[in-house]
Chemist: 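I have a structure here, written as structure tokens, and I will follow up with some questions on it.
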Amino acid sequence: MTWRVHLTNQAIQRLDLLAGKKESLLVAWSQRDRATYFQLSDGIEIGEHQHQAVARTSDKWAEFVGSLVAPNGVHLPIIRTATFTLYSTVDGRARLFDLGGKELVWEADGKDTPLEIKSGTLPFRAQAFDPVMGVVGGLDEKGKLHLYQQQIRVGTFDLKLKPTDEDPLLLVISEGAGSIIAAAHTEIVLADSGGKVVKRLSVHYPVGRLACSPNGKLLATGDSETGVIRVYELPDLIPTHQRHAVDLIHRATPTQLIAEFPPQGAGPGALVISNQGQIAFTLYGMICMSTLKQMDALPRPQPLL
């Protein structure tokens, strides 16, 4: 089932897709400390999350961390506060702290280990975290990839990206870090967990959003100029589907009346994709849950006979 819902009159900051053993949820963050849970299957709202951060030295720290679990039992992957961003592993036993873009700290078994960061590279312009293996990735202002395996520095790798100040630098990492994808302007680069470039693709549009399925087999992009969402198969970066985001919203079943649709060509905000090809995205304060079946399938390259 595809569905749409109008959540807020402001832009939604982030979407998280949480696949539980019995139930999958979509989490929409309308504010840094406030989220709404939706059933992935039908868009029914099942609750909210709101946190009030405490200092890590506080007696209530363990209680705070213990509360960062969704109704389906999955640990919330990213928590943002005024002073730090917390990335959690799937089992909740280890965490990465981004201390305001000034320092990255790996915490496991109650022990903190600052990551070795080259001088002048923080804050990263893009950052990603693999919640299964604990791989940390960051893109500096020159587009170079910095990789860490938990607290251990793997190295710095030149992906040959040419970022500009106007275009965003984007980075996503699949679960297990089998796929590490970076994008800048019209360039998409796939690298492996060792930082080696596996595939490079030049596209005809500016990449404004990037999302990778947890298994690292599907990549979704958002076109910042025309509002088209495109899907590629990895590792070959073969384009398979595309559709305007507004068209997908029109095709989705409303869970409530929407007074006004976004304009044609509006670019998607937050963007996520599942292993099964379910695609969730936002346009302003609206959320749409769609699938590859609702998109236009693209012809696949065929070898010459």
Chemist: Please say yes or no: joined through hydrophobic side-chain contacts below 4.5 Å, possibly via intermediate residues, are L161 and V197 part of one cluster?
Modeler: yes
Chemist: Who passes ring pair (Phe, Tyr, Trp, His ring centres under 6.0 Å) against H75, sequence neighbours left out?
Modeler: none
Chemist: Measuring from atom CE of M295 to atom CZ of R251, what distance do you get when rounded to the nearest 0.5 angstrom?
Modeler: 10.0 Å
Chemist: With rounding to the nearest 0.5 angstrom, report the CD to OG distance, Q13 to S30.
Modeler: 7.5 Å
Chemist: Check whether any side-chain heavy atom of R125 sits under 4.5 Å from a side-chain heavy atom of D140, and report yes or no.
Modeler: no
Chemist: Do you reckon I44 sits in the same ILVMFWY cluster as I12, going by side-chain contacts under 4.5 Å, direct or chained?
Modeler: no
Chemist: Once rounded to the nearest 0.5 Å, what's the spacing between atom CG of D158 and atom NZ of K142?
Modeler: 9.5 Å
Chemist: With sequence neighbours left out, what residues match R153 under side chain to side chain donor-acceptor pair (under 3.5 Å)?
Modeler: T156
Chemist: Taking the side chain as everything from C-beta on, heavy atoms only, tell me whether I181 gets closer than 4.5 Å to L171.
Modeler: no
Chemist: Do the charged groups of R95 and E107 touch, with an N to O distance under 4.0 Å?
Modeler: yes
Chemist: Please answer whether the main-chain N or O of Q278 pairs with a side-chain N or O of S274 as donor and acceptor at a distance below 3.5 Å.
Modeler: yes
Chemist: Please check if the side chain of D98 supplies one atom and the backbone of F84 the other of a donor-acceptor pair under 3.5 Å.
Modeler: no
Chemist: Enumerate the residue pairs fulfilling side chain to side chain donor-acceptor pair (under 3.5 Å) with a member in residues 114-123, sequence neighbours excluded, ordered by first and then second residue.
Modeler: none
Chemist: Do S179 side-chain atoms and G216 backbone N/O form a donor-acceptor pair below 3.5 Å?
Modeler: yes
Chemist: Does K102 reach the side chain of P123, with side-chain heavy atoms less than 4.5 Å apart?
Modeler: no
Chemist: Are there over 12 heavy-atom neighbours, none belonging to D59, within less than 6.0 Å of that residue's CG?
Modeler: no
Chemist: Tell me whether the count of non-hydrogen atoms from other residues, nucleotides or ligands lying under 6.0 Å of CD in E48 goes above 12.
Modeler: yes
Chemist: Donor-acceptor pair, distance only, cut-off 3.5 Å: does the side chain of R80 make one with the backbone of R32?
Modeler: no
Chemist: Do L219 and I173 belong to the same hydrophobic cluster, where Ile, Leu, Val, Met, Phe, Trp and Tyr are linked whenever their side-chain heavy atoms lie under 4.5 Å apart, directly or via other members?
Modeler: no
Chemist: Could you list who else is in L122's hydrophobic cluster, with ILVMFWY side chains joined at under 4.5 Å, directly or through other members?
Modeler: I78, Y87, L96, L104, W106, L115, I117, F124, F129, V136, Y148
Chemist: Under the side chain to side chain contact (heavy atoms under 4.5 Å, CB included) rule, what do V189 and I180 come out as? Steps first, then yes or no, please.
Modeler: CA-CA 8 Å; V189 176; I180 300 174; over 6 Å; no
Chemist: Under 3.5 Å, side-chain donor or acceptor atoms of residues 199-206 against the rest of the protein: list the pairs with distances, not counting sequence neighbours.
Modeler:
residue	atom	partner	partner atom	Å
R200	NH1	L159	O	2.8
R200	NH2	L159	O	2.8
S202	OG	E187	OE1	3.4
S202	OG	E187	OE2	2.4
H204	NE2	R230	NH2	3.4
Y205	OH	T221	OG1	2.7
Y205	OH	Y232	OH	2.7

Chemist: Is there a side-chain contact between L18 and V27 in this structure, where contact means two heavy atoms from C-beta onward sitting under 4.5 Å apart?
Modeler: yes
Chemist: Is D247 salt-bridged to R243, going by a charged N under 4.0 Å from an acidic O?
Modeler: yes
Chemist: Taking atom CD of E141 and atom CG of L169, what is their separation to the nearest 0.5 Å?
Modeler: 10.0 Å
Chemist: Using a 4.5 Å cut-off on heavy atoms from C-beta on, say whether the side chain of T113 contacts that of V105.
Modeler: no
Chemist: If I take atom CE from residue M133 and atom CD from residue Q149, how far apart are they, to the nearest 0.5 angstrom?
Modeler: 5.0 Å
Chemist: With a 4.5 Å cut-off on side-chain heavy atoms, are P268 and D223 touching?
Modeler: no
Chemist: Do you know which two heavy atoms are closest between E103 and P114, and how far apart they sit?
Modeler: OE2-CB, 3.5 Å
Chemist: Who pairs with F281 by ring pair (Phe, Tyr, Trp, His ring centres under 6.0 Å), at least two apart in sequence or on another chain?
Modeler: none
Chemist: Roughly how far, to the nearest 0.5 Å, is the CD atom of E45 from the CD atom of Q39?
Modeler: 11.0 Å
Chemist: Just by modelled atom types, is the N275 backbone N or O under 3.5 Å from a matching donor or acceptor in the S213 side chain?
Modeler: no
Chemist: Are any of the side-chain heavy atoms of I279 and V231 separated by less than 4.5 Å?
Modeler: yes
Chemist: Going by side chain to side chain contact (heavy atoms under 4.5 Å, CB included), L40 matches just one of L25, L17, N72. Which one?
Modeler: L17
Chemist: Is it true that the NZ or CZ of R56 lies under 6.0 Å from the centre of F97's six-membered ring and within 45 degrees of the ring axis?
Modeler: yes
Chemist: Any chain of hydrophobic side-chain contacts (each under 4.5 Å) joining W61 to L76?
Modeler: yes
Chemist: Are V5 and V272 connected, step by step, through hydrophobic side chains (Ile, Leu, Val, Met, Phe, Trp, Tyr) whose heavy atoms are closer than 4.5 Å?
Modeler: yes
Chemist: Answer yes or no: are there more than 12 heavy-atom neighbours, outside Q50 itself, under 6.0 Å from its atom CD?
Modeler: yes
Chemist: Any non-hydrogen side-chain atom of L26 less than 4.5 Å from a side-chain atom of W3?
Modeler: yes
